[in-house]
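In what follows, a single structure is set out as structure tokens and then discussed.
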Protein chains: 2
Amino acid sequence: MREEDKPEIRKLLLFRDMSTENFDRLMQAAYAQTFPAQLELIRQGEPADFLHIMMEGTVELFSGWRDRETTMAVVRPVSTFILAACIKDAPYLMSARTVEKSRIIMIPAKDLRATFRLDPEFAVSTITELASCYRSVVRHAKSLKLRNSRERVAAYIYRQSSLAGNAASFVLPVEKRLLASLLGMTPENFSRAIKSLQSDGVAMDGMRIIITNMKSLEAVAGPDTLIDGSDPLSGFPAATAPSI
Amino acid sequence: MREEDKPEIRKLLLFRDMSTENFDRLMQAAYAQTFPAQLELIRQGEPADFLHIMMEGTVELFSGWRDRETTMAVVRPVSTFILAACIKDAPYLMSARTVEKSRIIMIPAKDLRATFRLDPEFAVSTITELASCYRSVVRHAKSLKLRNSRERVAAYIYRQSSLAGNAASFVLPVEKRLLASLLGMTPENFSRAIKSLQSDGVAMDGMRIIITNMKSLEAVAGPDTLIDGSDPLSGFPAATAPSI
DNA sequence: CTGTCTCGTTGATGCAGATCAAACCTTCCG
DNA sequence: CGGAAGGTTTGATCTGCATCAACGAGACAG
């Protein structure tokens with residue numbers, strides 16, 4: 001891995017508080033790799049051998065059952081993914097594939113487990129990180145169970161705008177079909193949902209969303225910090241959080 | 001709290017490995033309380049002040065948005081709940097109410113946080129517990145997104161049977177409307193789903209489920225350890241896990 | 001420039017599941 | 001006992017969303 005990656009990783013909440021000695025040893029065991037787009041990095045069910053750190057690019061976490069597939073999360077730099085499986089030394093519950101060319105650093109799970117037994121600060125950071133991940137999935141599940149698809153789309157748009165500093169306009173960070181899957185609907189339905197939101201202050205031009213009436217959108221979205229909020233996941237302030 | 005509770009709690013994975021000294025101190029700060037049925041113990045959005053430990057009874061974790069409500073989990077003895085909110089010192093994402101009269105032990109969140117900073121073994125246990133909780137919610141979300149309601153009901157029945165040692169018959173542990181909400185459907189739809197499973201080896205008599213054709217049920221349920229499995233959540237072997 | 005490919009949109013149709021309403025059944029309590 | 005209250009089931013109806021099919025628009029290679 002590159003030497004200039006280390007300070008970036010060190011900034012992550014997960015690695016910020018551990019001793020320099022332990023951090024360096026962990027980094028020594030790690031290695032970086034660059035993957036092309038559409039490559040399956042992880043297959044659900046396989047043993048979890050590595051903690052992954054996104055340095056550049058985009059990765060989709062998804063799950064399959066029978067012939068169906070759904071997006072569980074989209075990961076952007078700089079953040080880690082599939083921490084829990086590594087900790088439990090259990091099979092991955094989700095698969096991962098690159099959405100675009102991505103550079104990823106991989107840390108052997110056993111080094112990780114050894115380190116939080118050695119370094120109490122790292123243990124505390126791991127606890128905090130896991131609690132955040134847990135709460136993030138709970139929010140996802142709440143959104144799915146409590147809102148219909150139109151409301152989920154509205155809430156998504158409202159949230160993205162908030163994250164961009166209440167911007168009246170922003171560009172969707174990933175393909176619409178991927179967003180649709182993340183939000184638990186078909187691409188067709190996503191398309192129709194946005195169209196139906198025209199009457200509630202949302203316009204679209206290609207990948208760009210334009211909010212023409214924030215109050216109206218807010219009324220549909222019904223934003224709720226207990227669903228749409230985010231605990232700081234990776235040590236970034238909320239305004240720059242890498243969430244999709 | 002009762003003296004005889006302590007060994008029960010000590011058996012939990014979360015508390016098993018910590019030092020006796022720290023365990024005793026934590027227990028000293030704790031207190032037990034008995035609540036009647038249908039009492040709201042926790043309201044979502046409020047600050048998380050206590051880790052709760054179920055000793056007797058049943059508690060429903062649920063969430064609301066606007067005028068809607070959904071069950072997120074059902075907790076049975078002996079296990080802890082809302083660990084993550086306590087750790088993050090953040091607002092509860094879920095509410096909790098007793099389903100029946102319940103005895104619950106409450107540990108101040110700040111003592112908890114202080115303890116895993118002091119006791120590395122407790123920190124490691126907390127990490128493992130949180131990772132399990134995380135994976136449990138991921139499974140819940142996967143089931144919701146990947147299966148239709150008939151399949152979720154079938155998978156639920158198949159799983160309960162497995163947990164009871166592949167029993168051909170078992171009694172539903174909670175009200176049907178609660179189960180329906182947990183499985184993400186209306187009570188009416190739950191009722192119809194079971195009825196439609198008659199042709200696939202499921203019969204019902206009041207609260208008792210009778211599996212008349214395990215192979216057939218299995219074919220519908222499509223059980224998958226990456227959705228229906230459970231990492232040991234509370235240190236009980238899978239066969240006696242307190243899951244609902 | 002022109003075919004090909006993938007993504008996105010639109011329309012038509014079908015179905016799963018919600019909603020509404022009523023009957024039934026149990027539990028509980030005066 | 002009797003009657004109220006809540007849970008469950010059933011039927012009728014409605015609708016949100018999926019599915020299927022077709023078409024348009026960029027992106028890209030030849």
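In what follows, chains are A, B, ... by sequence order, proteins preceding strands, each numbered from 1.
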Phosphate OP1/OP2 of [N]: any [X] side-chain N/O under 4.0 Å:
X	N	answer
Lys195(A)	dT10(C)	yes
Asn148(B)	dA16(C)	no
Ser149(B)	dG17(C)	yes

When you get a sec, tell me which of [options] is the closest nucleotide to the side chain of [X]?
X	options	answer
Ser191(A)	dT9(D), dT10(C), dT8(D)	dT10(C)
Met207(B)	dA18(D), dA21(D), dT8(D)	dT8(D)
Thr186(A)	dT19(D), dT8(D), dA21(C)	dT19(D)
Met204(A)	dT9(C), dG8(C), dA18(C)	dT9(C)

Whole angstrom is fine here: how far is it from [atom1] in [X] over to [atom2] in [N]?
X	N	atom1	atom2	value
Arg150(B)	dA16(C)	CZ	P	10 Å
Leu178(B)	dG6(D)	CG	P	16 Å
Leu144(B)	dA16(C)	CG	C1'	15 Å
Leu183(A)	dC17(D)	CG	P	12 Å
Gln38(A)	dC5(C)	CD	P	17 Å
Ile194(B)	dG17(C)	CD1	P	14 Å
Glu175(B)	dG7(D)	CD	P	5 Å
Asn189(A)	dA12(C)	CG	P	17 Å

### Query
Rounded to the nearest 0.5 Å, how far apart are CD1 of Ile9(B) and CD1 of Ile53(B)?
4.0 Å

### Message
Return the CG to OH distance between Leu41(B) and Tyr92(B), rounded to the nearest 0.5 Å.
### Response
9.5 Å

### Message
Any donor-acceptor pair under 3.5 Å linking the side-chain atoms of Arg43(B) with those of Ser95(B)?
### Response
no

### Task
Considering non-hydrogen atoms only, spot the tightest contact between Leu83(A) and Leu51(A) and give its length.
CA-CD1, 3.7 Å

### Query
Angle class for the Phe81(A)/His52(A) ring planes (parallel below 30°, perpendicular above 60°, tilted otherwise)?
tilted

Between the base of [N] and the side chain of [X], is one N or O donor paired with an acceptor at under 3.5 angstrom?
X	N	result
Arg192(B)	dG11(D)	yes
Arg68(A)	dT19(D)	no
Arg177(A)	dT9(C)	no

### Task
Using the closest heavy atom to pick a nucleotide of DNA chain D for each, name whichever of Glu188(A) or Arg147(A) lands nearer the 5' end.
Arg147(A)

